[in-house]
4 protein chains.
Amino acid sequence: MSIDPEIRINPHSHVPPFEQVRQQIADLIALGTLRPDQRLPPVRQLAADLGLANGTVARAYQELEAAGLVTTGRAAGTRIAAALPPGSRGDILAAKAVEYVAAARRLGAGDEEIARALTTALNKPVE
Amino acid sequence: MSIDPEIRINPHSHVPPFEQVRQQIADLIALGTLRPDQRLPPVRQLAADLGLANGTVARAYQELEAAGLVTTGRAAGTRIAAALPPGSRGDILAAKAVEYVAAARRLGAGDEEIARALTTALNKPVE
Amino acid sequence: MSIDPEIRINPHSHVPPFEQVRQQIADLIALGTLRPDQRLPPVRQLAADLGLANGTVARAYQELEAAGLVTTGRAAGTRIAAALPPGSRGDILAAKAVEYVAAARRLGAGDEEIARALTTALNKPVE
Amino acid sequence: MSIDPEIRINPHSHVPPFEQVRQQIADLIALGTLRPDQRLPPVRQLAADLGLANGTVARAYQELEAAGLVTTGRAAGTRIAAALPPGSRGDILAAKAVEYVAAARRLGAGDEEIARALTTALNKPVE
DNA sequence: GTGGTCTAGACCACC
DNA sequence: GTGGTCTAGACCACT
C-alpha cells in the first residue's frame with residue numbers, strides 16, 4: 001500500500017506544489033496514517049506519480065527532515081522518524097478546526113451559525 | 001468604522017498578499033459584512049495599513065472589479081457593487097465548513113471526531 | 001440641433017474619455033457634419049450630458065483648439081474654425097479604411113478576404 | 001520563425017501597452033496564425049524586443065491565461081491552448097470590418113463611399 | 001486625492 | 001531559463 005493515492009496536488013492553487021506535498025505528508029504523519037519507521041516512496045517515484053519535477057518532491061522531503069518528522073539515511077531511503085516531535089499527534093485536526101472557526105468569526109459568524117454550517121457540511125455526500 | 005481591521009495579511013503564508021486581500025474582501029462581501037454601495041478604503045491607505053505596496057492592493061481591487069464584486073468610477077473611489085453575483089450570500093461559510101470537513105476526512109477522522117474538535121475550538125479564547 | 005446625441009462615451013474603454021470626446025468631435029468636423037463657425041455646446045453642458053467632469057471636456061476642447069480645428073473667443077464660446085487645416089476634409093474615412101486594412105493584414109488576411117469581410121459587414125442590419 | 005515581428009506597440013496610443021500586447025496575441029490566436037500548442041516567446045524576450053518591462057508583458061500573458069486562450073505550466077513556458085473558446089475563428093476579421101463600417105456610418109458615409117475608401121486603402125503600398 | 005499603469009530590479013518556485 | 005509576484009516610486013487621467 002502506497003501513500004500516493006492519498007496525496008493530491010492542485011496545480012491551480014496559489015500554494016506552491018512543494019508546500020502542498022509537505023503539508024499533506026505532515027498531516028498523514030500527525031494523524032497516524034503513516035506510522036513510525038514506515039518508508040516514504042522514493043522521490044522519483046512520487047514525483048512521477050504526481051506529475052512533478054524531482055526537485056519539487058525532494059524539497060518537500062528536505063523540509064520534513066528539517067522539521068524532524070522524517071529521517072534520511074544515505075541509501076536507506078526516507079522513513080518516518082521513530083520519535084515524533086511531542087504534541088504533533090492529533091493536533092492537526094484541532095488546528096484545522098481552529099482555522100475554520102477563525103475564518104468564520106472573521107466573517108462575523110456566531111457560534112451557532114458556525115456549528116450549523118458544520119452540521120450541514122457533514123451531511124453532504126462525500127465527493 | 002473602517003474595514004481595515006477586519007483584514008489581516010499573513011506574510012508567512014505561501015498565498016501571495018494580493019490574493020489574501022482579494023479573498024478576504026470577497027468573503028466580507030459575500031457574507032454581507034460589506035454592504036452594496038459601501039466604500040472600500042483607498043488603495044494607498046489600505047496598502048499603508050497592511051504594509052504593502054500600492055500596486056499589490058491595486059491588483060486586488062482590480063480583480064474584484066473584474067469579478068463584478070466591486071465598481072470603480074475612476075476618481076470616485078471603489079464601492080461594493082449594487083447587484084451581487086447570484087448565490088453568494090451565506091455560501092462562503094458553507095464552503096469553509098465543507099473545506100474543513102474534507103480536510104478532516106482526508107485525514108481519516110470520523111464525524112464524531114470532527115464535531116468534537118470543533119466544539120473544542122469554539123470554546124477556546126479568541127486570540 | 002445639438003451634437004450631443006452624436007457623441008458616445010464608453011467608460012470601459014482603455015481610451016481615456018477626454019480622448020474619446022476629442023476624437024469624435026474632430027471626426028464630425030472633418031466629415032462636415034459640423035460646419036465652420038458653428039457653435040460647440042458649452043463645456044459644462046456637454047460634460048453634464050456625457051456624465052463627465054468639466055475638466056475632462058475642457059481638455060478635449062483645448063486640444064481641438066491647439067490643433068486649429070476650433071477657436072475659443074473669450075465669452076464667445078467655442079466655434080468651429082472658419083478655415084480648416086488643409087487636407088482634413090474627407091481624409092477621416094480614408095484613415096479609418098487604412099486602419100482596418102492594416103489590422104486585417106497584420107492578422108494575415110489577403111485582399112480578397114478583407115473585401116469579403118467588408119461586404120458581409122455592410123449587409124448586416126444596423127444596430 | 002517567431003511571432004515577435006508580428007507584434008507592434010504604439011507608444012503614442014492611449015491604449016496601455018499591456019493591453020496592446022494582449023489584444024494582438026488574442027487576435028493572432030483567433031485568426032489561426034498562432035496554432036494550438038505553439039509556444040509563445042518567453043516573457044523576458046518579448047519584453048526586450050518590444051522595449052517593455054517584464055511585468056508589462058507578464059500581465060498580458062496572465063490575462064490571456066485567465067481568458068483560457070493560453071496555458072502556462074510554470075517553468076514550461078506559455079503555449080496556445082489546445083481547445084479554443086468556441087466561435088473565435090474568423091470572427092475577428094468580421095468584427096474589425098463591422099467596427100470600420102460602424103465608424104464610417106457614424107460619420108454619415110454611405111455604403112458606396114465606404115467601399116470606395118476601402119478600395120483606395122487596399123491599393124496603397126504596404127508601409 | 002483616487003484608481004490605473006509603467007518601470008526596474010529583485011526573489012521565488014519550478015523544470 | 002520560465003512565469004509569478006513584490007516593491008518603490010513615478011506619471012496619467014479623472015473628480
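Every chain is numbered from 1, with letters handed out A, B, ... down the list of sequences.
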Engineer: For residues Glu6(D) and Leu28(D), determine if any side-chain heavy atom of one lies less than 4.5 Å from a side-chain heavy atom of the other.
Structural biologist: yes
Engineer: Ala58(C) and Val43(C): which non-hydrogen atoms are nearest, and at how many Å?
Structural biologist: N-CG1, 3.9 Å
Engineer: From CD of Glu19(B) over to C1' of dC6(F), roughly how many Å is that when rounded to an integer?
Structural biologist: 15 Å
Engineer: Side-chain donor-acceptor contacts of residues 19-26 of chain D below 3.5 Å, not counting sequence neighbours, with atom names and distances?
Structural biologist:
from	atom 1	to	atom 2	distance (Å)
Glu19(D)	OE1	Arg22(D)	NE	3.0
Glu19(D)	OE2	Arg22(D)	NH2	2.9
Gln20(D)	OE1	Asn10(D)	N	2.9
Gln20(D)	NE2	Asn10(D)	O	3.1
Gln20(D)	NE2	Val15(D)	O	2.8
Gln24(D)	OE1	Arg8(D)	N	3.0
Gln24(D)	NE2	Arg8(D)	O	2.7

Engineer: For the pair made of CG in Asn10(A) and P in dC14(E), what is the distance, rounded to whole Å?
Structural biologist: 13 Å
Engineer: Over all heavy atoms of both residues, which pair between Gly68(B) and Ala81(B) is shortest? Give the atoms and the distance, please.
Structural biologist: O-CB, 3.4 Å
Engineer: I need the minimum non-hydrogen distance between His14(A) and Pro16(B), along with the two atoms involved.
Structural biologist: CB-CD, 3.6 Å
Engineer: Are there any protein N/O atoms within less than 3.5 Å of an N/O atom in nucleotides 1-5 of chain E, and if so, which ones and at what distance?
Structural biologist:
from	atom 1	to	atom 2	distance (Å)
dG3(E)	OP2	Val43(B)	N	2.8
dG3(E)	O4'	Arg74(B)	O	3.0
dG3(E)	O3'	Thr72(B)	OG1	3.4
dG3(E)	N7	Arg44(B)	NH1	2.8
dG3(E)	O6	Arg44(B)	NH2	3.3
dT5(E)	OP2	Gln62(B)	NE2	2.8
dT5(E)	OP2	Arg59(D)	NH1	3.3
dT5(E)	OP2	Arg59(D)	NH2	3.3

Engineer: Which atom pair, heavy atoms only, marks the closest approach of Thr56(C) to Pro17(C)?
Structural biologist: CG2-CB, 4.0 Å
Engineer: Between Tyr61(D) and Leu46(D), is a side chain to side chain contact (heavy atoms under 4.5 Å, CB included) present by the stated rule, with each step listed?
Structural biologist: CA-CA 11 Å; Tyr61(D) 276 29; Leu46(D) 186 54; 3.6 Å; yes
Engineer: Taking CZ from Arg22(C) and C1' from dC14(F), how many angstroms apart are they, rounded to a whole number?
Structural biologist: 18 Å
Engineer: Counting a pair only when it is Watson-Crick or G-U and both distances are under 3.5 Å, which runs of at least 3 such pairs involve DNA chain F?
Structural biologist: E:1-14 with F:1-14
Engineer: Tell me whether Glu63(B) contacts the main-chain N or O of Ala60(B) through its side chain, where contact means a donor paired with an acceptor under 3.5 Å.
Structural biologist: no
Engineer: If you find the nucleotide of DNA chain F closest to Leu52(B) and the one closest to Ala53(C), which residue's nucleotide is nearer the 5' end?
Structural biologist: Leu52(B)
